[in-house]
Amino acid sequence: MLHDTFAAGLDALRAERAALIEHHGRRITSEVTVSQAARGMRGVAALICDTSVVDPDRGLVIRGVPVLDLIDKLPEDVFHLLLTGALPSAAQRAALQHDLAARAAVPDAVWKVLRAMPKDAHPMAMLSAGLLALEDQSAFRRRYSEGLAREDYWRPALDDALALIAELPALAAGLYRIRYGKGKPLVYDPELDWAANFCRMLGVEDERFYRAMRIAVILQSDHEGGNVCAFACHTVGSVLSNPYLAVSAGFNGLSGPLHGLASQESILWVNGAIERYGGIPNVPHVEEYTWDTLNAGRIVPGYGHAVLRGQDPRFTGMVEYGLRYFGADEVFGTVVRMSEVVPKVLKAHGKAKNPYPNVDAVMGAVWHHFGITELPYYTVPFAVSLSLGLLAQLVINRALGSPIVRPRSVTSEWIREQAERD
Ligand code: AMX
């Protein structure tokens, strides 16, 4: 059914993009300075992505809807919204859930690969390896080698997207159970929704966890096109690498401490404070602890952002849920205390352009509260959540026939020569 819905909007999608290029093709989105080229292209707008926008002050807006207005939905609904621009009807949601349940089985060969990995392999490396081990299932790979017409690329890409979204909770939960000796991987229950299945397959059956997972997934489901994870996935996907390869590349990008691994690092940092002060630190303790981190030349994990300049609504949304349901939790309480004090210290420090907590400052406290206490695992649920946006973007790009990503680079010598000529 999702194929039909997407196909119904396809002509309009393509016509809109063609008109955009025809009428506005010469409009300048950004000029690029040498400083920007040297510093991670910060602020350079050089991609078109319609699934979501990160407004520096308001944060994530998905298809025109501020993300906090979506947290009572299901992740399935949000995937539909990301891909098609509209929330699903009840029938469309039921069909999507049915489709996901039918595609959710992870073959034994994948578990064999994961079991063969080193005992201290990082869970994100296992997730990426698991995707590569699933890659032989790619409908895109098969159909392309059979001679697929360009205008039909999106069809097997959407098949792969649905298979990946279905398989990811099982894969992510299964690798947790293998990596941390929790028993055999569990299988998908078609009676439960997608996020509840993720929790149950982790081994936690708790309605409060199901609700927290739905919110967490929605909050982290997309973050426009330029974040490292989305950009890596888009770049690799642009050469028609199949969706398994492209998403694995995106996840590898998410695995760095300046990006999604901050979820692990921030709780490590929070736990350090709890240990040092014997419980939830008071305000002077947090100030001291934060200054000690900065004076040691380290970054404060879970704070700052490359685009956001105000509060991250993903942080606010998750904290609101936590305050309602587990406000007394020590790790969560410390996260909240820190969020009240650290911004003042970062402002006084004077470097970070955004001194506020980002989404990674809080998510680990949620997993910890529900008994997932293995910190290296914390980036995995982020990756599973972000797959919704990565795959929506990928299918749309396949449908639009987006060409390969291939910007130019310049040499330092070229810059000096240009300067001498002026
Ligand atoms: N602690 C200490 N210093 C920080 C800082 C932090 N949390 N955030 C920024 N700074 C420093 C930068 O390192 C930089 O220092 P420099 O001039 O000596 O190189 C200076 O402040 C200016 O940086 P910026 O323009 O504000 O940030 P950025 O766009 O270069 O980087 C980010 C953004 C997220 C990498 C950075 O804020 C950071 O390292 N934060 C901590 C890690 C983290 O939480 N990452 C997750 C972000 C959300 C996500 O992607 N999942």
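Start at 1 and go down the list; that is how both ligands and their atoms are numbered.
Near Gly302, with a cut-off below 4.0 Å to any heavy atom, the atoms of ligand 1 are 43 (C), 44 (O). Counting the atoms of ligand 1 from 1 in the order shown, those under 4.0 Å from a heavy atom of Leu294 are 2 (C). Residue-ligand proximity, Asp360 to ligand 1, at heavy-atom distances under 4.0 Å covers atoms 46 (C), 48 (C), 49 (C), 51 (N). Close contacts between ligand 1 and Ala262 involve ligand atoms 43 (C), 44 (O), 45 (N), 46 (C) [criterion: under 4.0 Å to a heavy atom].
Sparse packing is recorded around CE of Met41, with 12 or fewer heavy atoms of other residues, nucleotides or ligands lying under 6.0 Å away. No more than 12 heavy atoms of other residues, nucleotides or ligands sit less than 6.0 Å from atom CZ of Arg298.
Counted by atom type alone, Asp57 and Gln311 present zero donor-acceptor pairs between their side chains at under 3.5 Å. Residues Ser263 and Thr379 bring no donor and acceptor atom of their side chains to less than 3.5 Å of each other.
Shortest contact from atom 17 (O) of ligand 1 to any protein heavy atom: Arg39 NH2, 3.9 Å. For atom 38 (C) of ligand 1, the closest heavy atom belonging to the protein is Tyr303 O, 3.9 Å. Nearest to atom 27 (O) of ligand 1 among the protein's heavy atoms is His305 O, 4.4 Å. At the shortest separation from atom 5 (C) of ligand 1 among protein heavy atoms lies Ala352 CB, 3.9 Å. For atom 47 (C) of ligand 1, the nearest protein heavy atom (residue, atom name, distance) is Asn358 ND2, 3.5 Å. Regarding atom 20 (C) of ligand 1, its nearest protein heavy-atom neighbour is Lys351 O, 3.8 Å.
Only one option out of Tyr325, Phe198, Phe326 pairs with Phe370 in a ring-ring contact (aromatic ring centres under 6.0 Å, His included); it is Phe326.
Between Tyr153 and Phe140, the two ring planes are perpendicular [angle over 60°; tilted spans 30° to 60°]. Classified by interplanar angle (parallel below 30°, tilted 30° to 60°, perpendicular above 60°), the ring pair Trp154/His3 is tilted. Relative ring orientation between Trp269 and Tyr289 is described as tilted, the plane-to-plane angle lying within the 30° to 60° band.
Of the polar atoms of Arg309, none of the N or O atoms is found under 3.5 Å from an N or O of ligand 1, judged by distance alone. The shortest N/O to N/O separation between Leu258 and ligand 1 falls below 3.5 Å.
Taking all heavy atoms of Asn227, Asp312, Val300, Leu308 into account, the minimum distance to atom 6 (C) of ligand 1 is reached by Val300. Summarising the contacts of atom 31 (O) of ligand 1 with Arg42, Lys353, Glu265, the nearest heavy atom is found in Arg42.
The shortest side-chain heavy-atom distance between Val67 and Val61 does not fall under the 4.5 Å cut-off. You'll find the side chain of Ser221 reaches within 4.5 Å of the side chain of Leu82, heavy atoms only.
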Exercise for the section: Decide yes or no on side chain to side chain donor-acceptor pair (under 3.5 Å) for His305 and Asn354, but give the supporting numbers first. Expected result: CA-CA 6 Å; His305 201 272; Asn354 173 342; 5.6 Å; no
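Of all the heavy atoms of Ile299, the ones lying under 4.0 Å from any atom of ligand 1 are found in both the backbone and the side chain.
Distances from atom 23 (O) of ligand 1 to the protein include no heavy-atom value under 4.0 Å. Closer than 4.0 Å to atom 42 (C) of ligand 1 lies at least one heavy atom of the protein.
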